[in-house]
Amino acid sequence: MRKYRVGILGSGVISRTYAADIQAFYSRKLDLAACADIDAVRAEKLAEEFGIRKAYTTDELLADPEIDIVINLTPPGMHVELNSRIIRSGKHLFSEKPFAETVEEAEQVLKLAEEYGVRIGSAPDTFLGSGIQSLRYYLDAGLIGKPFFATANMVRAGHETWHPNPVHFYGKRSGPVYDMGPYYISALIVLLGPLESIASLSASPSPVRHIYRGANAGENFEAGIPTHYTCILKFKSGAVANLNISFDVGKSNLPMLEIYGDRGTLSYPDPNYGGGTPKIFRFEQCLSPIYQDTPEAHAREDRMYELPELFIRQKDYSRGIGVLDLAEAIENGTENRANGKLVLHVTEALQAIVSCADSEHFYKMRTTCERPEPLKPGSAADQV
Ligand SMILES: NC(=O)c1ccc[n+]([C@@H]2O[C@H](COP(=O)([O-])OP(=O)(O)OC[C@H]3O[C@@H](n4cnc5c(N)ncnc54)[C@H](O)[C@@H]3O)[C@@H](O)[C@H]2O)c1
């Protein structure tokens, strides 16, 4: 395939991970040719750090005929407006999450992309990493039988403990649901299929947040949204899940992702990461002490066993594989996996979680999607 020329819009914290990973892992197929920012100094700094040929304003980036795909890495509140501008410039788009705040907004952007004949990809793309793809392989191979229940828990301290600009993660389009929910909800959909209904409740234990890092360290600000959500999800398959998403928990022993089937349990470290070793507990381990009353049998009853990752793990925490997936799909005329239908379904779920917590009612999903095609074990590191 030809090399696709890529431009980054928004040269902040996560642009460094995209730039490093595209250059390290996908440079045979993606050429990181330009970066841009509303702040020229930031774009120049990113270009200098990574040897990117052009540091642009937004208009310059969108006017450059050489750029095929723009990766939108601006703050959440800018996504819909800038995604629309990128599409109108005739370029393919890969957007960071959240793609939009509401289904209506997401539908408008997707319709615009259709009108302009450009393709859409959106984060999260972490489900294309070796960890979740391996988990899916084992699930689909029937290792835990029929999955009927899952728990996903993204419960941790807020972004003010590590991010230099934490305020925009507490606005209406962000907060725990819109910022971290997409990773967990996408992973659950990729593993268990589309959602049927949702319920949720929220809590706001610490509305006043303190900034610990960056230029504004020492200041306080008020969160504009609840910062803890507890949700129940029902899938079309009949499986159910609970999902906790919180910026208020310093430490928890809840599993980040576990799937329970009638023949066992699969456990996974963190859907926000591309790499991660799945573990399994087979139902027979509960039975072994019935037949053999030995210390070994009892020890087996308490243990989960590591399963090998079946794909190449580029890095534990990586970004950019969704851009490769988009470029390959454009080249081959196929559907990319982190695609518009998936992002629309995820957006509806995010919107439903927030609205159900406000109104305390059950929500029936109106959109749906297919589980994206799995990757093939044994593929090259830059082959999706
Ligand atoms: N920081 C992370 O670890 C992380 C991880 C995964 C995803 N994300 C997502 O990536 C996006 C960016 O996050 P970040 O942490 O890099 O934020 P950031 O604040 O560090 O960077 C955002 C950049 O966008 C620029 N920008 C703002 N408005 C703009 C506009 N109108 N036009 C052009 N540029 C503009 C800012 O000047 C800044 O350089 C968010 O959607 C976030 O959810 C962040």
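Starting from 1, each residue takes its place in the sequence as its number. Bear in mind that the values here come from a model prediction, so they are computed numbers and not experimental data. Counting convention: from 1, in listed order, for ligands and their atoms alike.
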- Message: Who clusters with Leu201? Use side-chain heavy atoms, under 4.5 angstrom, across I, L, V, M, F, W and Y, and order the result by chain and number.
- Response: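 Answer for Leu201: none, a lone residue.
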- Heavy atoms only: which of Ala40, Gly12, Pro75, Pro98 is nearest to atom 24 (O) of ligand 1?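 Nearest heavy atom to atom 24 (O) of ligand 1 lies in Pro75.
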- Query: For atom 40 (C) of ligand 1, which candidate among Asn72, Thr74, Ile14 provides the closest heavy atom?
  - Reply: Thr74
- Query: So is Leu82 close enough to ligand 1, meaning a heavy atom under 4.0 angstrom away?
  - Reply: yes
- Test item, Tyr178 contacting ligand 1 (heavy atom, 4.0 angstrom):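 In this structure, Tyr178 fails to qualify as a contact of ligand 1 - no heavy atom is under 4.0 Å.
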- Residue and atom name of the nearest protein heavy atom (relative to atom 12 (C) of ligand 1), distance in Å to one decimal: Leu73 O, 3.2 Å
- Task: May I ask you to identify, for Asn165, whether its side chain, its backbone, both or neither come under 4.0 Å of ligand 1 on a heavy-atom basis?
- Result: side chain
- Proximity to ligand 1 by part of Tyr317, non-hydrogen separation under 4.0 Å: side chain
- Over-ring placement of Arg319 relative to Tyr317, 6.0 Å and 45° cut-offs: yes
For ligand 1, find out whether one of its N or O atoms is nearer than 3.5 Å to an N or O atom of [X].
X     : result
His79 : yes
Arg42 : yes
Ser15 : no
Met78 : no
Gly10 : no

